[in-house]
Amino acid sequence: MRVLVVEDEKKLGELLGRGLREEGYATDVADQGEDALWMARAVPYDAIVLDVMLPRVDGFEVCVQLRGAGIWTPVLMLTARDAVEDRVSGLDVGADDYLTKPFAFEELLARLRALTRRTAVERPPVLTVGDLRLDPGSHRAWRGETEVDLSTKEFALLELFMRRPGIALTRTQLLDGAWDMAFESRSNVVDVYVRYLREKIDRRFGCDSIETVRGVGYRLRTEA
Ligand code: CA
């Protein structure tokens, strides 16, 4: 899952970015509305955490412009005050949910999960492909009855495969989906992590579910 955080308070932006990365979200942080607009157009984010109070182009305006451009990425707005007008305006311009500052990080996580689940019908709480199971909420994965211990990046990669079983995914798609912008120049990082993932979900179980598609990338077989 890839998330964009838009927050002009440097410390809070960094804190959210770090916290979300630790939870396995590939996270980019923008500190102004103008940047958020081009980033949201360029990258298929799964969700945007958008502060209302931004200099120049504020959160409401960002939301209006995104929706106007046909970009329907779920938006969670951060409102500084517990003002009814702010929340109503946010929902009116196309935000999906809001959170009042200050908030508990756990609540932000729970709302992000709810948001990405409810806005996309193809996102059931637990993903199943063959005898692989993955639960994005609890960050757990299983091969058959055996729980597999995955790092956050391995987990993010497996989640991407399991959301598109049987489809060849390019290295760029995998990179875009599981890594934030800081990693975009390192294309071999995908191959490295696919190797780790194969070791954990396949080799140990005598399976061969992640297939190399020559000249394209990788595909998760629908049959184990
Ligand atoms: Ca702000």
With sequence neighbours left out, what residues match [X] under side chain to side chain contact (heavy atoms under 4.5 Å, CB included)?
| X | value |
| --- | --- |
| Glu211 | Arg219, Arg221 |
| Glu14 | Lys10 |
| Tyr196 | Glu154, Val192, Tyr193 |
| Thr212 | Arg198, Tyr218 |

For [X], enumerate each residue passing the side chain to side chain donor-acceptor pair (under 3.5 Å) test, keeping only those at least two apart in sequence or located in another chain.
| X | answer |
| --- | --- |
| Lys11 | none |
| Asp58 | none |
| Arg67 | Asp96 |
| Tyr25 | none |

Could you pull out all residues at least two apart from [X] that satisfy salt bridge (charged side-chain N to carboxylate O under 4.0 Å, His left out)?
| X | answer |
| --- | --- |
| Arg140 | Glu147 |
| Arg195 | none |
| Arg21 | Asp180 |

In terms of hydrophobic clustering (I, L, V, M, F, W, Y; side-chain heavy atoms under 4.5 Å; direct or indirect links), are Trp142 and Phe161 co-clustered?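 No, Trp142 and Phe161 fall in different hydrophobic clusters.
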Decide yes or no for [X] and [Y]: does some side-chain heavy atom of the first lie under 4.5 Å from some side-chain heavy atom of the second?
| X | Y | answer |
| --- | --- | --- |
| Thr73 | Leu4 | no |
| Val29 | Leu16 | no |
| Arg111 | Tyr98 | no |

Regarding Arg143 and Ser209, do their side chains bring together a donor and an acceptor under 3.5 Å, going by distance alone?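 A donor-acceptor contact under 3.5 Å links the two side chains.
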Do NZ/NE/NH1/NH2 and the carboxylate oxygens of Glu23 and Arg113 come within less than 4.0 Å?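 Salt bridge between Glu23 and Arg113, a charged N being under 4.0 Å from a carboxylate O: no.
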Determine the minimum heavy-atom distance between Val189 and Leu175, stating which atoms define it.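 In this case the closest contact between Val189 and Leu175 is CG1-CD1, 3.5 Å.
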Going by side-chain hydrogen bond (donor to acceptor under 3.5 Å, both in side chains), name the pairs with one or both residues in residues 33-44, residues two or more places apart or in two chains.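 Every pair satisfying side-chain hydrogen bond (donor to acceptor under 3.5 Å, both in side chains) with a residue in residues 33-44: Glu34-Arg56, Asp35-Trp38.
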